[in-house]
Amino acid sequence: MPKTRRRRTTKKKTAAQAGGAALTRAQLLDLYYYLRLNRLVEERLSALYRQGKVQGGLYSSRGQEAISVGSAYALAPQDVLAPMIRNLGSMLVRGVKPVEFFLQYMQQEGSPCKGRDTSLHFGGIERGLVPPISHLGTLVPVMAGVALAGRMQAKNLVALTYLGDGATSTGDFHEGLGIASVMRLPLVVLIENNRWAYSTSVAAQSLLTDLADKARAYGIPQGVVDGNGVLAVYEATARAVELARRGQGPVLLECKTMRMRGHSEHDDAWYVPEEEKHFWEKRDPIRLYEKHLLRSAVAQEADLKEIDARCLSEIEKDLAVAEAAPFPRPESCVEDVYASSRSEQEDEPVPAPRAARRR
Amino acid sequence: MPKTRRRRTTKKKTAAQAGGAALTRAQLLDLYYYLRLNRLVEERLSALYRQGKVQGGLYSSRGQEAISVGSAYALAPQDVLAPMIRNLGSMLVRGVKPVEFFLQYMQQEGSPCKGRDTSLHFGGIERGLVPPISHLGTLVPVMAGVALAGRMQAKNLVALTYLGDGATSTGDFHEGLGIASVMRLPLVVLIENNRWAYSTSVAAQSLLTDLADKARAYGIPQGVVDGNGVLAVYEATARAVELARRGQGPVLLECKTMRMRGHSEHDDAWYVPEEEKHFWEKRDPIRLYEKHLLRSAVAQEADLKEIDARCLSEIEKDLAVAEAAPFPRPESCVEDVYASSRSEQEDEPVPAPRAARRR
Amino acid sequence: MAEPVTYLEAIRQGLWEEMERDERVFMLGEDIGVYGGAFKVTKGFLERFGKDRVIDTPIAESGIVGAAIGASLMGMRPVAEMQFIDFIACAFNQITNFAAKSRWRYGAGVPIVIRGPSGGGVRGGPFHSQNPEMYYVHTPGLKVVAPGTTHDAKGLIKAAIRDEDPVIYLEHKYLYRLPRIKEVLPEEDYVVPIGKAAVRRQGADISLITYGAMQLHCLDAAEALDKEGVSAEVVDLRTLLPLDADAIEATAKKTGKVLIVHEDTRTGGVAGEITALINERAFEYLDGPVLRVTSPDAPVPYSAPLEDYFLPNAAKVLDAARKLAAY
Amino acid sequence: MAEPVTYLEAIRQGLWEEMERDERVFMLGEDIGVYGGAFKVTKGFLERFGKDRVIDTPIAESGIVGAAIGASLMGMRPVAEMQFIDFIACAFNQITNFAAKSRWRYGAGVPIVIRGPSGGGVRGGPFHSQNPEMYYVHTPGLKVVAPGTTHDAKGLIKAAIRDEDPVIYLEHKYLYRLPRIKEVLPEEDYVVPIGKAAVRRQGADISLITYGAMQLHCLDAAEALDKEGVSAEVVDLRTLLPLDADAIEATAKKTGKVLIVHEDTRTGGVAGEITALINERAFEYLDGPVLRVTSPDAPVPYSAPLEDYFLPNAAKVLDAARKLAAY
Ligand SMILES: Cc1ncc(C[n+]2csc(CCOP(=O)(O)OP(=O)(O)O)c2C)c(N)n1
Ligand SMILES: Cc1ncc(C[n+]2csc(CCOP(=O)(O)OP(=O)(O)O)c2C)c(N)n1
Ligand SMILES: [Mg+2]
Ligand SMILES: [Mg+2]
């Protein structure tokens, strides 16, 4: 990692931890609760993965929790959020319960996708959540459409979505921001620049130092923020949301952070330089926030312990429910393809032989 | 059109006409020849269209000839150029003869596409030309690939392609420049900002004043130039090509101009404000260059007349050849789908009835 | 209203009435507002419904469809125009992966309509003449309609807009202003149900199964066959997904000889699927092989004699039908 | 080299040998260099061939394919990887409109290979299990191959790279490391010709026509049928475009009963096309309807019991084959 960048991030850190003035103590502790819950749910999912209870890809947001939590916390109830696969924390803030993630990842009956789709691919407008598909970039135009509809319906809402440094290379990112910009849609696109897209470093993805500079192609406001400072993220998002809500059009916000695990659970990220890992280990967003809370006397050790205990008991309870759930009915996988749910899609039976009509 | 922009363009004009110092008299007259040939071929095509000899879409570059001619003239022989549908002039500079356009547009035997495809959709790497498909934006990644191959083959070549203001909104524009930038490919992308994309004004396409600012999303060099000054375009392109050839990666160049006809021949562009038309009528690139040649004593009226006559006789001769050409063999339309050209694709004959083998 | 109208006018009316009926309906696309669309299908809409509901977009088909999806998730009823249906290729991913699978994945319907001019016969060349239906027919979760008459053009666009699922609406540009198919439309509001074929002509000896512009060639061929003593039934599919398997089965059982006619290219065209359905449902009734008349496996050529050679026509249908009838 | 190798290793060897043989061959894709590919197909390539020939790209499938097209026009032989074949949807336009039509349009061949892991059976869910073949089989100008054996995996990747036209090479991720299909490969250079099917098992009573991973289920079902006194022929198509119509005709004429088995979804799947070919070429030889066992018309589900229900398997093939045999 180049020196200059390191300095820069360090400078931002101070600003980050200094923020959050407008939040009440209860809210500040709320943020801590979500950060911890995010981390602990994911740790439990990792354990389930190692036990073979979670199959397929499992994606961790370790080290990036402040982005999910801080940004989602800045939204108003009517706003709509579209998470990507590392935004479990955003979904928690929006009211998704741990049990849903367990059911979903363990592919069980009662899971939000009925075992059909995986990872964080669930939600629903009624919950203010639009889930992603795997194809990166696609949510940007989709959320532009959400913002457009919200304006038509006079809902005074802002649409927020996330994407990684890598996903900013997709055509859909460009088309979505292009449309949103000329239509001045209330959309906030938050880039989680975690320095890696699978094994591809951000330097191989773009020549820019700040991916937020991509905003310049659309003539829209931009911002860069320390993604490891939950208050900094909260405040930057709040400002962006405010701009967007005022009709200033879309805003592009870049949160600088680091992916602290492999791309997914099976990847040990051997390709990440050791010094880079070390640098960021010292900047764990939860540890930083903990220190801030203690130093600023917002909380005592005991308060934090209690929150932790609360998270853990919630998780135990939810996991028990999930573990007890049966698998979905196999046949259910062909239902709901259409609203009319044509019963169908059974293989045509082999017709019984009979004499030809005219032969 | 906002005042500021008008002033700006006017300022550029002077610079434009002052350029070209490095060109010999013969080259300066060469540019004039191509400009006139471009215009006259297109005028003839319009006439053929009105006679019903050209069917489908016919696209004019009237008012934009300086861009095609000036930019193509700045290339070295080994460079590869990908025209869009308004770059007939670029193709002339690259050695395409008028007869090819006539045959192509009249869909005749011997036409470069054998009557299969239309407009300027022809060329070939052996001629340094990669033709477009209709889908806008697609040439940007394709020409990135040409530039990449050129580098692998140590050909010291630069790839140049064009697109309109409208086409910069496509995802392929973004993906192509993204790839070209991180690979530092010798690619020049020239935006012909003619203020309209069909009936859509550039203001409805982007919030930017200069579309060249889209370069900032890729961290690559950019330039803005008066597209109605052939020498300005020549020089700006030459500089961009030079940068690209030196390994500075892709360059994004915007030429400001105006589409002086409808989107295609059937469109009378009623949606373009009168004052905008008037403003640009006075800035006809060929008239401007004519004046420059005369004022700077590079040429006399008689020289220009002679060039015109040369163009016209070439056109008459070529048109006669084209008019005499037969239509292509109808069956030829199913050939060449594959290299092996499976003769194929005849409808399967209806098999003669016969007794079932075992029945 | 008792004047016969064009196919294009029928689409326009259908769109207009739905915009009037339901304020959740809006349109977006390139040059649909100020210009009224490249073919003038949406002429006058901007003036009537305003720029919030008739939106001129940048050139970004994936963005357009993505935005339509997002708006539909919010309860709107977006109608996205592709200036030529050929450009739908740029939105393939949003359509097949986002729109088609959302309901199945987590219960979120995506009631969008994607419409645009398809088909050849107007010297449009390979990028303005395509028949992209099969890319979408092969995608569970989508519906695909392709009206071949003026009445259906209106009834199906209305049904498409009211449908809870994503519908690809293919309007055939060769039919847009064709005098032959002008029709007096019902005064009252009507829809043509998605998923139902129509028997255009009753017959006993051979079935011609078709859709879109090819229907005219089939009717002409049927006319000629009639004079030769062969009674041909003409079935217009109207919807390609879901296919009306019952109607296909019925006509196959009735005549025992089936010729499928489509403008789309041969390999992987819908004729194959129909042949499979007939094998499964009516094999014993067959008195000859299920055959097909289609465009050959190549892009659509530009030059008039080439395109005429390329496209199916009444003579080709007649020729194949005669042979099959004599089988 | 006399050790049996995996299907994945066969692909790796094929790529490696072509890179060694012809310096015009190079690869580009996401995470194929430093990481060696998500499935490690290109492991060690960067070290051997250098970063000019093993290129890690940004996440931009349309850009990747576009760049491959451009390079191929310059005489190179690019091999583009899709990290999962599902993401090919993002490059649909470049593939179907640019790559597929260039030769026909103006004589410029586009010898590119687009390869990637396809198919289900590994709990990948709807976006990591797709079988996109028909989108490309329905596109004239492309070729589509789908090896089902280790030997073919190597021979077809080599043939694809040497082919003058754009080839979609579908490698089935369920087969990648499957011990059952490990094979000792020939020492010498070989290719498997594109467009030729292989009869995997001779039989007299019924034909099972299939490709890719489904072949194993067909062989298992054939084994079981054999014990019941039914002799089943198993035909592995290997290439889906162009289809080996002669091989299809031959087996249909030989057994008179054809069951087509594919993992791809039903409606618009290749079974329809094959059924049409058989109708055209071998109708009189049929002793029963051409039938099919396929995935149902839905996206591929994630949960194990659901995916197991969804995918064809030997039991389903056996069941359908028994009934057809008894027909
Ligand atoms: C269009 C598309 N191409 C490829 C992939 C495969 N893929 C999944 S995640 C990933 C890396 C994403 O990197 P980034 O956007 O930085 O997000 P991060 O994983 O770092 O959160 C890739 C290549 C995909 N999901 N979608
Ligand atoms: C992907 C795509 N969408 C739509 C079209 C239809 N179309 C053809 S030209 C055009 C306008 C192009 O505008 P611009 O890029 O500014 O080029 P200009 O015509 O001004 O030269 C449109 C919308 C297309 N060719 N490709
Ligand atoms: Mg990343
Ligand atoms: Mg323009």
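Proteins get letters first, then strands, A, B, ... in listed order; numbering begins at 1 in each.
Among Thr265(D), Val300(D), Asp86(D), Asp56(D), the residue making the largest number of heavy-atom pairs under 4.5 Å with chain A is Asp86(D). Of the residues considered (Ala38(D), Gly125(D), Cys90(D)), Ala38(D) shows the highest number of contacts with chain A, using heavy-atom pairs under 4.5 Å. Contacts with chain D were tallied for Pro328(A), Ser206(A), Ser119(A), Ala204(A); Pro328(A) has the most, counting heavy-atom pairs under 4.5 Å. Among the candidates Gly124(D), Pro299(D), Pro126(D), the residue making the largest number of heavy-atom pairs closer than 4.5 Å to chain A is Pro126(D).
Listed by sequence position, Gly166(A), Ala167(A), Ser169(A), Thr170(A) are the residues of residues 165-174 of chain A in contact with chain D, using a 4.5 angstrom heavy-atom cutoff. Contacts of residues 57-68 of chain D with chain A at a heavy-atom distance below 4.5 Å involve Thr57(D), Pro58(D), Ile59(D), Ala60(D), listed in sequence order.
The neighbour count for Lys277(A) NZ, taken as heavy atoms of other residues, nucleotides or ligands under 6.0 Å away, is above 12. For Tyr174(D), the OH atom is loosely surrounded, since the number of other residues' heavy atoms within 6.0 Å does not exceed 12.
Residues Ser332(A) and Tyr309(D) fail the side-chain proximity criterion, which asks for heavy atoms closer than 4.5 Å. You'll find the side chain of Pro330(A) stays beyond 4.5 Å of the side chain of Asp308(D), heavy atoms only. Between Tyr302(D) and Cys113(A) there is no side-chain heavy-atom pair separated by less than 4.5 Å.
Only the side chain of Tyr271(A) comes within contact range of chain D, with heavy atoms under 4.5 Å apart. In this structure, chain D has a heavy atom under 4.5 Å from the side chain of Leu136(A), while its backbone stays farther away. With a 4.5 Å cut-off on non-hydrogen atoms, Gln83(D) touches chain A through its side chain but not through its backbone.
Ring planes of His121(A) and Phe127(D): tilted class, angle from 30 to 60°.
Applying the salt bridge (Lys or Arg N to Asp or Glu O under 4.0 Å) test to every pair with at least one member in residues 102-113 of chain A, sequence neighbours left out, gives no pairs at all. For residues 37-50 of chain D, the set of pairs meeting the side-chain hydrogen bond (donor to acceptor under 3.5 Å, both in side chains) definition, not counting sequence neighbours, comprises Glu20(D)-Arg48(D).
The residue from Gln108(A), Gln107(A), Arg116(A), Lys114(A) that alone fulfils the side chain to side chain contact (heavy atoms under 4.5 Å, CB included) condition with Ser303(D) is Gln107(A).
In terms of heavy atoms, Val34(D) sits closest to Trp270(A) at O-CH2, 3.2 Å. Counting all heavy atoms, side chain and backbone alike, Val334(A) lies closest to Pro296(D) at CG1-CG, 3.3 Å.
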